[in-house]
Amino acid sequence: MGSARRELWGAGGLVLDVRQRPGPPPLRFEAADGGRMLLRQGGRVVLLGRVEEWNQGVYVSRYDGYRPPLPPIGSALMRSHANWVHTCARWLEQAPEGPLHDSRRLLGVRTAFPPYVWHGEDFVRDWPHCHLDWSAAGRHGVVPLRPLSRPRTRLG
């Protein structure tokens, strides 16, 4: 599966230097003429997109079959004192259909996202098709690659 070397980078960061993984990675974006793009994972297409410059955005279609390179993180693990940068680096190194190839990557800790990512228009809830608007300040949100669970209702 190749090897990777880790170099510490400041407080809480590291550089992941990946070697012996030539060629395109299993999880990768590809672009073509006419503003077309796709996200491929192994032999599967998991996202197709078409940029519409006149409409200042991109039309996106997502397909079943995406396999996250990182495992689900339960609450007990979140409460642990794991070194998250090294833990995620290890998971990425071990992911058979992940994004790593011969390159250097800077991994760091992110403790919060801006509120609009989770509560505003930048968090895409529609499945499988949507339009991503970047007419104002660009696109900063989250585009899930699987259908989301329904929101839970509060009891009481």
At their closest point, which heavy atom of [X] faces which heavy atom of [Y], and how far apart are they?
| X | Y | value |
| --- | --- | --- |
| Val85 | Gly108 | CG2-C, 4.0 Å |
| Arg28 | Pro24 | CD-CB, 3.5 Å |
| Tyr63 | Leu47 | CD1-N, 4.3 Å |
| Pro25 | Leu100 | CB-O, 3.4 Å |
| Gly98 | Pro69 | CA-CB, 4.0 Å |

Side chains of [X] and [Y]: closer than 4.5 Å at any heavy-atom pair?
| X | Y | value |
| --- | --- | --- |
| Glu30 | Arg36 | no |
| Glu97 | Tyr66 | no |
| Leu92 | Leu70 | yes |
| Val124 | Val142 | no |
| Met37 | Val51 | yes |
| Arg6 | Leu16 | yes |
| Leu38 | Val46 | no |

Checklist entry - So, are Glu93 and Arg21 salt-bridged, with charged N and O less than 4.0 Å apart? => result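 So Glu93 does not pair with Arg21 through a salt bridge.
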Checklist entry - Salt bridge check: are Glu7 and Arg104 linked by an N-O gap of less than 4.0 Å? => result yes
Next on the checklist: Suppose clustering is done on Ile, Leu, Val, Met, Phe, Trp and Tyr with side-chain heavy atoms closer than 4.5 Å. Which residues sit in the same group as Leu8?
Outcome noted: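 Grouped by the 4.5 Å side-chain rule, Leu8 forms a cluster of one, so the answer is none.
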Measure the [atom1]-[atom2] distance between [X] and [Y] for me, rounded to the nearest 0.5 Å.
| X | Y | atom1 | atom2 | value |
| --- | --- | --- | --- | --- |
| Arg40 | Phe29 | CZ | CZ | 12.5 Å |
| Arg62 | Leu48 | CZ | CG | 11.5 Å |
| Gln41 | Leu39 | CD | CG | 7.5 Å |
| His129 | Tyr59 | NE2 | OH | 13.0 Å |
| Trp91 | Trp84 | CH2 | CH2 | 5.0 Å |

Next on the checklist: Are more than 12 heavy atoms, taken from residues, nucleotides or ligands other than Arg50, located less than 6.0 Å from that residue's CZ atom?
Outcome noted: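 Not more than 12 within 6.0 Å, no.
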Checklist entry - Are more than 12 heavy atoms from other residues, nucleotides or ligands located less than 6.0 Å from atom CH2 of Trp9? => result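 Incorrect, the count does not exceed 12.
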Item to check | Exam field: side chain Ser103 to backbone His101, donor-acceptor pair closer than 3.5 Å | outcome: yes
Checklist entry - Any donor and acceptor pair, going by atom type alone, linking the side chain of Asp102 with main-chain N or O of Gln20 inside 3.5 Å? => result yes
